Amino acid sequence: MKLDLPEQINSERIVLKKHTLNKEYIQLLVDSINKSRQWLGRFLSHFEEPMTFEKEEAFIKMLLSEEKEINYGIWNKKTNELMGTIGAFNPDNPDDPKSIEL
């Protein structure tokens, strides 16, 4: 089942915005990843090498082509700072086919 989620989800403190191929957005992700590589590497081994614009752009393109996962940037509502990313997944739950996991 293809997920049908909004472009933006607002809550009291954060805003989730779907990933885009906007060059400034991709560069912001690259800079954020490279600044946090040591911390990220503790949990995700693929952050051992510096992130490049080309690698992140290819990754975002792949994510945008997925049918069972929609990825969002997490933005601080008060400061408009990018805080990270999150994926919304459809776990194919037959009891609740419209359920989403983050």
Side-chain angles (χ1 to χ4, degrees):
M1 172 170 86
K2 184 161 177 71
L3 296 177
D4 184 23
L5 297 174
E7 292 294 315
Q8 184 169 309
I9 300 172
N10 293 293
S11 73
E12 186 177 322
R13 295 180 302 198
I14 63 170
V15 177
L16 303 181
K17 298 177 188 178
K18 282 186 182 177
H19 286 326
T20 72
L21 292 174
N22 174 283
K23 292 188 183 312
E24 290 84 16
Y25 176 68
I26 294 171
Q27 189 61 54
L28 183 61
L29 286 170
V30 169
D31 294 343
S32 179
I33 290 167
N34 286 331
K35 188 166 71 172
S36 304
R37 266 185 45 234
Q38 184 176 6
W39 182 81
L40 289 168
R42 294 174 33 206
F43 310 102
L44 304 164
S45 61
H46 62 278
F47 287 115
E48 291 176 359
E49 298 289 322
M51 181 56 65
T52 65
F53 183 91
E54 294 75 21
K55 284 196 278 188
E56 188 64 12
E57 182 180 44
F59 182 67
I60 297 294
K61 283 180 181 178
M62 185 269 307
L63 290 176
L64 291 174
S65 70
E66 289 284 326
E67 291 192 8
K68 291 191 174 192
E69 176 180 349
I70 296 177
N71 284 268
Y72 290 88
I74 306 169
W75 299 84
N76 182 306
K77 200 171 198 174
K78 188 175 183 179
T79 65
N80 200 34
E81 290 178 278
L82 179 64
M83 299 168 56
T85 63
I86 194 166
F89 303 86
N90 181 334
D92 293 324
N93 181 348
D95 297 328
D96 189 3
K98 293 185 176 183
S99 67
I100 298 295
E101 292 181 11
L102 297 177

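Please read all numbers here as calculations on a predicted model, not as lab measurements. Numbers for residues simply follow the sequence, beginning at 1.
Under the 4.5 Å side-chain criterion, counting only non-hydrogen atoms from C-beta, R37 is not in contact with E49. Counting heavy atoms from C-beta on, the side chains of L82 and L29 come closer than 4.5 Å. Side-chain contact between L16 and I86: present, with at least one pair of heavy atoms (C-beta onward) separated by less than 4.5 Å.
Side chain of K61 to main chain of L21: no donor-acceptor pair is present (N/O by atom type, distance under 3.5 Å, no hydrogens or angles). Using modelled atom types, one side-chain atom of K18 and one backbone atom of L5 make a donor-acceptor pair closer than 3.5 Å. Between the S65 side chain and the M62 main chain, a donor and an acceptor come within less than 3.5 Å of each other. The backbone N or O of P50 sits nowhere less than 3.5 Å from a side-chain atom of N34 that would complete a donor-acceptor pair.
To the nearest 0.5 angstrom, W75 atom CH2 is 13.0 Å from I14 atom CD1. Note that CG of L40 is 7.5 Å distant from OG of S32, once rounded to the nearest 0.5 Å. Remark: Q27 CD to E24 CD distance equals 9.5 Å, nearest 0.5 Å. How far CD1 of I9 is from NZ of K17: 13.0 Å, rounded to the nearest 0.5 Å. Distance CD1/I26 to CG/D31: 12.0 Å, rounded to 0.5 Å. Here the CD atom belonging to E69 is positioned 5.5 Å from the CG atom belonging to L63, to the nearest 0.5 angstrom.
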#### Entry: Derivation and outcome, side-chain contact (heavy atoms from CB on, under 4.5 Å), residues R13 and N76
CA-CA 6 Å; R13 295 180 302 198; N76 182 306; over 6 Å; no
### Task
Check the pair H19 / T85 against side-chain contact (heavy atoms from CB on, under 4.5 Å), numbers first and verdict last.
CA-CA 9 Å; H19 286 326; T85 63; 3.4 Å; yes
### Query
side-chain contact (heavy atoms from CB on, under 4.5 Å) between Y72 and I70: does it pass, once the steps are laid out?
CA-CA 7 Å; Y72 290 88; I70 296 177; 3.8 Å; yes
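The nearest pair of heavy atoms linking I100 to A88 is CG2-CB, 3.7 Å.
The number of heavy-atom neighbours closer than 6.0 Å to CZ of F59, taken from other residues, nucleotides and ligands shown, is 12 or below. Within 6.0 Å of the NZ atom in K77, the count of heavy atoms belonging to other residues, nucleotides or ligands exceeds 12.
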